[in-house]
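What follows is one structure encoded as structure tokens, with my remarks underneath.
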2 protein chains.
Amino acid sequence: MKKQASSGKRSAGATRPKPEPGYHHGELQETLIAASEAILAEQGAEGFTLREAARRAGVSPAAPSHHFGNAQGLLTEVAIRGYDALAEALRAAASGKQGARDKLHAQGLAYVDFALRHPGRFQMMFANKRLVADDARLKQASRAAGHAFETVVSELVAGTAKEAKTAAAAAWSTVHGFAKLALEEKFGSVRNESGRREVMMTLDQVLNYLWPASAARR
Amino acid sequence: MKKQASSGKRSAGATRPKPEPGYHHGELQETLIAASEAILAEQGAEGFTLREAARRAGVSPAAPSHHFGNAQGLLTEVAIRGYDALAEALRAAASGKQGARDKLHAQGLAYVDFALRHPGRFQMMFANKRLVADDARLKQASRAAGHAFETVVSELVAGTAKEAKTAAAAAWSTVHGFAKLALEEKFGSVRNESGRREVMMTLDQVLNYLWPASAARR
DNA sequence: TATCTATCTTAACACTGTTCAGATTGAGCG
DNA sequence: CGCTCAATCTGAACAGTGTTAAGATAGATA
């Protein structure tokens with residue numbers, strides 16, 4: 001019942017507009033992923049429900065199971081794309097600067113900016129209990145994002161591999177912790193653009209404190 | 001509802017073993033909080049349900065509402081106690097050392113140690129959406145815990161108040177991010193004691209990298 | 001054209017948090 | 001001592017949730 005008037009007739013299809021009729025949706029996986037990301041963007045990680053995603057995709061609550069197994073499977077796919085987007089943002093930020101220290105600084109800003117602009121997606125990416133934590137592709141995507149830090153940091157420390165790993169862990173921990181605390185409003189409101197800008201300025205100072213611009217340290 | 005105090009203390013009797021019969025439980029609030037903490041310890045933050053807490057306390061699912069309003073109210077109380085315990089752990093760690101830098105280092109270790117030993121409680125403390133985020137006592141407890149960092153850091157930087165705040169934000173972000181990432185197994189397994197010990201050694205190196213022991217920086 | 005098989009629906013189950021009318025009971029007051 | 005009363009808790013209901021099994025549908029294949 002109630003097929004929500006979804007462009008049933010594909011008669012004079014000039015450019016193959018939308019093939020989403022009754023039984024065989026055709027692109028249900030992508031549609032469900034997009035719906036999930038929309039929910040995360042609108043309502044945050046806690047607002048996601050599998051049934052709501054199915055509702056937005058125009059299918060029954062049982063439909064997703066055939067493609068993703070369960071809710072964790074769907075969210076895992078969403079998280080993978082999130083990690084890909086994050087890695088891309090980090091890469092772009094670093095490529096805009098010269099010098100290891102400035103690259104790292106820009107990456108730190110980009111990391112938190114990503115978290116503040118896509119809070120639901122970001123929180124879900126790190127909500128292991130809601131994902132298939134041992135999924136190979138997820139682990140790969142997560143490692144790729146973390147790797148973006150290591151490559152830049154390795155230029156910076158110029159020491160042993162272990163030192164580079166320590167420095168990368170330090171950088172990741174700092175920006176991740178700042179992002180998490182900021183999202184919990186520990187540094188002030190972050191809902192509007194002006195609040196976010198102020199928080200980002202605090203982050204800038206934090207990064208300057210931990211990785212000073214000049215060679216001299218405090 | 002929400003009439004605290006009372007503390008139905010029936011005096012007399014030398015020993016009062018179990019006053020938890022039928023209708024008037026007598027200590028339901030404390031019992032519910034303890035049950036909730038037990039669930040968090042056993043099953044993590046995602047494993048908590050209000051009904052399970054009521055079940056363990058031996059009351060109906062509707063009973064908690066008379067004391068805490070709703071699940072958020074109960075969890076807020078749990079979070080407050082968590083912040084109190086965390087603040088106490090930070091204070092104890094700092095008091096065992098001398099010198100601002102060593103105090104800060106010890107506090108960082110204590111922070112992550114707390115998170116790794118009480119993962120469910122820790123995650124819940126920072127799950128704003130599941131708490132009454134604007135509860136006055138909660139905000140106060142959270143600020144008190146954060147203040148433990150500021151007091152120690154202010155000795156370290158010896159600059160303006162703004163610089164101290166920046167340094168405190170840096171320290172908190174780093175240890176919080178490390179704790180979060182560690183709990184998501186980004187630094188290796190953390191389920192058994194040996195895994196935790198290894199992760200704590202990584203943290204030790206991270207802290208040494210960001211706040212070196214000697215005056216000379218890298 | 002007939003069959004096969006992936007895809008999706010329907011219906012059900014066991015949960016969840018929350019609400020509300022009513023049962024119970026300890027405590028204070030006459 | 002007995003009564004009333006307000007606080008406390010129960011029982012039942014409601015609207016949700018994720019997941020599963022059995023059946024309907026339709027695109028692809030032979």
Side-chain angles (χ1 to χ4, degrees), chain A residues 1-4 6 8-10 13 16 19-32 35-36 39 43-76 78 124 127 129-132, chain B residues 1-13 16 19-32 35-36 39 43-76 78 124 127 129-132:
Chain A
M1 42 271 266
K2 296 303 169 51
K3 227 47 173 307
Q4 71 165 25
S6 61
K9 304 336 191 196
R10 47 260 177 83
R16 180 175 274 289
E20 48 158 294
Y23 259 51
H24 283 60
H25 187 286
E27 299 173 343
L28 184 51
Q29 294 132 1
E30 289 305 316
T31 306
L32 281 170
S36 302
I39 296 171
Q43 324 217 11
E46 318 284 332
F48 171 87
T49 69
L50 183 61
R51 289 179 109 104
E52 174 65 15
R55 226 171 277 137
R56 294 192 181 207
V59 295
S60 83
S65 76
H66 296 275
H67 294 277
F68 301 101
N70 53 21
Q72 290 189 348
L74 170 54
L75 289 175
T76 298
V78 172
M124 194 61 84
K129 299 260 175 64
R130 306 192 65 176
L131 310 176
V132 183
Chain B
M1 58 170 69
K2 192 74 185 214
K3 193 63 172 300
Q4 305 202 99
S6 77
S7 86
K9 217 126 189 225
R10 280 84 60 88
S11 61
R16 200 133 260 290
E20 47 158 296
Y23 260 49
H24 282 62
H25 188 287
E27 299 174 344
L28 184 51
Q29 299 156 37
E30 288 305 317
T31 306
L32 281 170
S36 302
I39 296 171
Q43 324 215 10
E46 318 284 331
F48 171 87
T49 69
L50 183 61
R51 288 182 109 103
E52 173 65 15
R55 226 171 278 138
R56 294 192 182 207
V59 296
S60 84
S65 76
H66 296 276
H67 294 278
F68 302 101
N70 54 21
Q72 290 189 348
L74 170 54
L75 288 175
T76 298
V78 171
M124 193 60 84
K129 299 260 175 66
R130 306 192 65 177
L131 310 177
V132 183

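Computed from a predicted structure; not experimentally measured. Sequence lines set the chain letters: A, B, ... in the order given, protein chains first and strands last, and positions in each chain run from 1.
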**Study point:** CG-NE2 distance between Leu32(B) and His67(B), expressed to the nearest 0.5 angstrom
**Key:** 7.0 Å
Point to revise | Rounded distance (Å) that lies between atom C1' of dT8(D) and atom CD of Glu30(B) | key: 17 Å
Practice item. Could you state the atom-to-atom distance from CD of Glu46(A) to P of dT17(D) in whole Å? Key: 15 Å
Review point. How close do Lys129(A) and Gln72(A) get, heavy atom to heavy atom, and via which atoms?
Key: O-NE2, 3.2 Å
Review point. Could you give the CG-to-C1' distance, from Leu28(A) to dG27(D), as a whole number of Å?
Key: 16 Å
Are there any protein N/O atoms within less than 3.5 Å of an N/O atom in nucleotides 12-15 of chain C, and if so, which ones and at what distance?
none

**Study point:** Distance-minimising heavy-atom pair for Gly47(B) and Ile39(B)
**Key:** O-CG2, 3.7 Å
Study note, to complete from the structure: Of all heavy-atom pairs linking Ala45(A) and Met124(A), the shortest is O-CE, 3.7 Å
Practice item. Could you tell me whether a side-chain N or O of Gln29(A) sits under 3.5 Å from a main-chain N or O of Leu74(A), the two making a donor and an acceptor? Key: no
Study note, to complete from the structure: In terms of heavy-atom contacts, Thr76(A) and Val132(A) come closest through OG1-N, 2.8 Å
Revision key, fill the gap. Closest heavy-atom pair, Thr31(B) versus Glu27(B), reported as atoms and distance to 0.1 Å, is OG1-O, 2.7 Å
Point to revise | Spacing of Leu74(B) atom CG relative to dT16(C) atom P, expressed in whole Å | key: 15 Å
Point to revise | Contact residues, residues 61-73 of chain A to DNA chain C [heavy atom, < 4.0 Å] | key: Ala62(A), Ala63(A), His66(A), His67(A)
Exercise for review: Nearest whole angstrom, please: distance from the C1' of dA6(C) to the CD of Glu27(A).
Suggested key: 17 Å
**Study point:** Interatomic distance, Glu52(A) CD vs dT17(D) P [rounded to whole Å]
**Key:** 8 Å
Review point. So do Leu50(B) and Phe68(B) actually touch side chain to side chain, heavy atoms under 4.5 Å?
Key: no
Revision key, fill the gap. Residues Ala54(A) and Ser60(A): closest non-hydrogen pair is CB-O, 3.5 Å
Check your understanding: dT19(D) P sits how many Å from Leu50(A) CG, rounded?
Key -> 6 Å
Review point. Rounded to whole angstrom units, what separation is found between the CD atom of Gln43(A) and the P atom of dG16(D)?
Key: 14 Å
